[in-house]
Amino acid sequence: MNAATAAKLTFGLHNHYFPQKFAYESPEDVLQALQGLSKTVGATLDLGHIASCGYDTLDAVRKLGPYLKLVHLKDVKSRARGRQCDHRPGHR
């Protein structure tokens, strides 16, 4: 990461959903993963996954705001039941 920092490159951890728990699924997961990393590493917030998986989008923006490098937007109709969501084409 030192070379990336020296080159002033920035990166964002991208929250996601998979049937098994993903390491960066919730805002809290991302915040925990960022602890101790270079300031060049922040968050890429995927609002579609946050909403579809039952997290509050505004709460996620507030929590991750100081660390945001990018916001990933998409048009997804949420069918969240518990923590289940399906982003495959045709499964809305």
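As a basis for the values below, the full set of heavy atoms in this structure was taken, side chains included, without hydrogen atoms, waters or symmetry mates. Start at 1 with the first residue, then count along the sequence.
Taking every heavy atom of both residues into account, H14 and D46 meet most closely at NE2-OD2, 2.9 Å. Scanning both residues, L34 and G42, for their nearest heavy atoms gives CD2-O, 3.3 Å. Minimum heavy-atom separation, P27 to L64: O-CD2, 3.8 Å.
Once rounded to the nearest 0.5 Å, the distance linking NZ of K39 with OG1 of T10 reads 14.0 Å. Between atom OG of residue S26 and atom CG of residue D56 there is a gap of 13.0 Å, rounded to the nearest 0.5 Å. Residue D29 holds its CG atom at 9.0 Å from CG of N15, rounded to the nearest 0.5 Å. Here L70 contributes atom CG and L45 contributes atom CG; the two are 9.0 Å apart, rounded to the nearest 0.5 Å.
Shown here are the ring-ring contact (aromatic ring centres under 6.0 Å, His included) partners of Y67, two or more places apart in sequence or in another chain: there are none. Every residue two or more places apart in sequence or in another chain that forms a side-chain hydrogen bond (donor to acceptor under 3.5 Å, both in side chains) with D59 is listed here: K63. Evaluation of the side chain to side chain contact (heavy atoms under 4.5 Å, CB included) rule for T57 yields L47, I50, A51 as partners, not counting sequence neighbours.
Residue E28 qualifies as enclosed at atom CD: its count of foreign heavy atoms under 6.0 Å is above 12.
Residues L9 and T40 have side chains not in contact (no heavy-atom distance under 4.5 Å, counting atoms from C-beta outward).
L58 and V71 are assigned to two separate hydrophobic clusters, defined by single-linkage of ILVMFWY side chains at heavy-atom distances under 4.5 Å.
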